[in-house]
Visitor: 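I am attaching a structure below and will ask some questions about it afterwards.
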Protein chains: 2
Amino acid sequence: MLSKKTKYAIKALVVLGKNVDKPPMQISKIAEEERIPKKFLEQILLDLRNAGFLYSKKGAGGGYSLNKDPKDIYLVSIMRITDGPIAMVPCASLNFYHKCDECKQETTCGIRDVFIDVRDATLKILSETSIADVIARENTLIKV
Amino acid sequence: MLSKKTKYAIKALVVLGKNVDKPPMQISKIAEEERIPKKFLEQILLDLRNAGFLYSKKGAGGGYSLNKDPKDIYLVSIMRITDGPIAMVPCASLNFYHKCDECKQETTCGIRDVFIDVRDATLKILSETSIADVIARENTLIKV
DNA sequence: ATTATGTCTATATAATTGGTCGGCTGTACG
DNA sequence: CGTACAGCCGACCAATTATATAGACATAAT
């Protein structure tokens, strides 16, 4: 399961992706629109900012805006910041690898072998889908 | 991430899958071979038994054996017993669906739309891979 | 100065996960 | 029969993680 943190992160980026070329948007406004607890969202946006995805401005008239083109923000990058590994077993993770405690022979583990395939399938989608794509999908869904 | 419960379940089924046509195998033996805490494994095997995957026999000479052909035990079924949903968001789950708390319009949610694709990709692999396949993969890995 | 807004650290609470304990039930076998 | 074996079952517990909340601080606009 995706953590709420990740889901909120994506939702916030989608909102900000619809807000490009407009003045920065406040945490409280995003929180209200997307029904996200404000203080929790605050932390999440801070993480995304520190990772370089967001620009922030303090003080009156301040807020958040995207620091990149929505086309260049892929779901996989967001998830790695907020949730960590994409793979379902640590031994199949590319960016967060670590050995399974009980595993005797990783190289011949059939479970790992299967879950590497699962990881690749998941990764393909998540690394090809950007915030711009998510927005595009929503627009398509609305029209139909 | 897969829970340890699920990982242990698959490991146990693989061991039992290699043990067909032999006398039933004791929990303690499986636990020892796969380095799984015995009492925890006990719970897991009970779940699998109650779900119809295992046959058990009490008393001296008792133990567990598969109740189905290893070819007919798919990873997806095991995971649904031990971990629940396959999908990464509840609103994209086939067997454990529930609405996201904060979601305003599910039908036009771009996140859900993407994660339905992810679910389908994952599901394809997990519902095509059986315990027999996992064993076969291990044999292939050993040979290479 | 005052108000609006993000930054940062710490803390609280709840849920889940991973694991343990001890007694009960049924079976084999001498 | 009785005893040892092995699974069954319910309760419990500790650690971690997820989800939030609080409050003091920094900075910008007016």
Side-chain angles (χ1 to χ4, degrees), chain A residues 1-9 11-12 16 23-32 34-67 79 81-85 88-90 96 98 100-102, chain B residues 1-12 16 23-32 34-51 53-67 79 81-85 88-90 96 98 100-102:
Chain A
M1 279 279 170
L2 268 200
S3 64
K4 293 210 172 188
K5 192 173 175 185
T6 297
K7 200 167 32 162
Y8 294 163
K11 291 210 169 191
L16 291 172
M25 200 168 171
Q26 290 81 44
I27 297 176
S28 51
K29 186 159 182 215
I30 303 172
E32 195 184 341
E34 298 300 318
R35 297 183 188 169
I36 301 170
K38 186 188 157 192
K39 275 294 197 174
F40 192 26
L41 181 60
E42 190 182 301
Q43 287 178 357
I44 296 166
L45 294 182
L46 204 50
D47 283 348
L48 294 173
R49 186 203 103 106
N50 291 335
F53 291 97
L54 296 178
Y55 160 84
S56 69
K57 197 183 169 189
K58 289 185 184 180
Y64 275 101
S65 46
L66 292 189
N67 203 20
M79 287 179 62
I81 291 166
T82 52
D83 260 7
M88 298 182 86
V89 281
F96 297 85
H98 68 93
C100 297
D101 302 332
E102 79 290 348
Chain B
M1 278 280 169
L2 221 53
S3 65
K4 292 210 172 190
K5 192 174 176 184
T6 298
K7 200 166 34 160
Y8 293 161
I10 300 174
K11 291 209 170 193
L16 291 171
M25 202 167 168
Q26 291 81 43
I27 297 175
S28 51
K29 185 159 183 217
I30 303 172
E32 196 183 341
E34 296 301 317
R35 296 182 189 170
I36 301 171
K38 187 188 156 191
K39 275 294 196 175
F40 192 27
L41 182 60
E42 192 182 300
Q43 286 178 357
I44 297 165
L45 295 182
L46 203 51
D47 284 349
L48 294 173
R49 186 202 103 107
N50 290 334
F53 291 98
L54 296 179
Y55 160 84
S56 69
K57 197 181 169 189
K58 290 186 184 180
Y64 275 101
S65 45
L66 291 190
N67 203 20
M79 287 179 62
I81 292 166
T82 50
D83 260 6
M88 297 181 87
V89 282
F96 298 85
H98 67 94
C100 297
D101 302 330
E102 79 290 349

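As the structure is a computational prediction, the values presented were derived from the model and not from experiment.
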Visitor: Heavy-atom nearest nucleotide on DNA chain D for A:Gly59 versus A:Thr6: which residue maps closer to 5'?
Guide: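 Result of the comparison: A:Thr6.
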Visitor: Can you check the B:Ile30 CD1 to D:dA6 C1' distance for me, whole Å?
Guide: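 Going from CD1 in B:Ile30 over to C1' in D:dA6 covers 12 Å.
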Visitor: Identify whether any heavy atom of A:Tyr55 sits under 4.0 Å from a base atom; if not, whether one sits that close to sugar-phosphate; answer base, sugar-phosphate or nothing.
Guide: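 A:Tyr55: no heavy atom of the nucleic acid under 4.0 Å.
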Visitor: Please write out the pairs of protein N or O atoms and N or O atoms of nucleotides 7-13 of chain C separated by less than 3.5 Å, giving the distance to one decimal.
Guide:
residue, atom, partner, partner atom, Å
C:dT7, OP1, A:Arg49, NE, 3.3
C:dT7, OP1, A:Arg49, NH1, 3.4
C:dT7, OP1, A:Ser56, OG, 2.7
C:dT7, OP2, A:Tyr64, OH, 2.2
C:dC8, N4, A:Glu42, OE2, 2.6
C:dA10, N6, A:Gln43, NE2, 3.2

Visitor: Measure from CZ on A:Phe40 to P on D:dA22 and round the result to the nearest Å.
Guide: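 Taking CZ of A:Phe40 and P of D:dA22, I get 15 Å after rounding.
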Visitor: Salt bridge or not for A:Glu42 and A:Lys39, using N-O below 4.0 Å?
Guide: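 Here A:Glu42 pairs with A:Lys39 in a salt bridge, since their nearest N and O are under 4.0 Å apart.
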Visitor: Are the side chains of B:Lys5 and B:Asp47 in touch, meaning some heavy atoms are under 4.5 Å apart?
Guide: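 Side chain of B:Lys5 against side chain of B:Asp47, heavy atoms only: contact under 4.5 Å found.
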Visitor: Could you give the CD1-to-C1' distance, from A:Ile44 to D:dT21, as a whole number of Å?
Guide: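 Checked: the CD1 to C1' distance equals 13 Å.
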Visitor: Does A:Glu32, at its CD atom, have more than 12 non-hydrogen atoms belonging to other residues, nucleotides or ligands within less than 6.0 Å?
Guide: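 Not more than 12 within 6.0 Å, no.
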Visitor: Could you check whether A:Lys38 gets within reach of a base, just the sugar-phosphate, or nothing at all, counting any heavy atom under 4.0 Å?
Guide: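 Here A:Lys38 touches no strand at all.
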Visitor: Could you tell me how far apart B:Leu41 (CG) and D:dC8 (P) are, to the nearest whole angstrom?
Guide: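 The answer, rounded to whole Å, is 12 Å.
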Visitor: Does a nitrogen or oxygen in the side chain of A:Tyr8 sit under 4.0 Å from OP1 or OP2 of D:dA20?
Guide: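 Yes, within the criterion.
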Visitor: Looking at C:dT5, D:dA20, C:dG19, which one has an atom nearest to any side-chain atom of A:Gln26?
Guide: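 Among the listed nucleotides, the one closest to the side chain of A:Gln26 is C:dT5.
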Visitor: Measure the CD-NZ distance between A:Glu102 and B:Lys4 for me, rounded to the nearest 0.5 Å.
Guide: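 Here the rounded value is 6.0 Å.
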Visitor: Provide, to the nearest angstrom, the distance between the CG atom belonging to B:Asp101 and the C1' atom belonging to C:dA14.
Guide: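 In whole Å, C:dA14 C1' lies 14 Å from B:Asp101 CG.
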Visitor: Closest approach of A:Ile44 and A:Ala9, non-hydrogen atoms and distance?
Guide: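 Closest approach of A:Ile44 to A:Ala9: CG2-CB, 3.7 Å.
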Visitor: Check the distance between D:dT16's C1' and B:Met1's CE and give it to me in whole angstrom.
Guide: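 B:Met1 atom CE is separated from D:dT16 atom C1' by 15 Å.
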Visitor: A:Met79 and B:Met88: which non-hydrogen atoms are nearest, and at how many Å?
Guide: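 Scanning both residues, the minimum pair turns out to be CE-CE, 3.7 Å.
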Visitor: Can you check the A:Leu16 CG to C:dG6 P distance for me, whole Å?
Guide: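 Those two atoms, CG and P, are 11 Å apart.
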Visitor: Which whole-number value in Å describes the distance from B:Leu2 CG to C:dT17 P?
Guide: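 After rounding, the gap between these two atoms is 11 Å.
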Visitor: Show me, pair by pair, the donor-acceptor contacts under 3.5 angstrom made by side chains of residues 53-65 of chain B, not counting sequence neighbours?
Guide:
residue, atom, partner, partner atom, Å
B:Ser56, OG, B:Arg49, NH1, 3.2

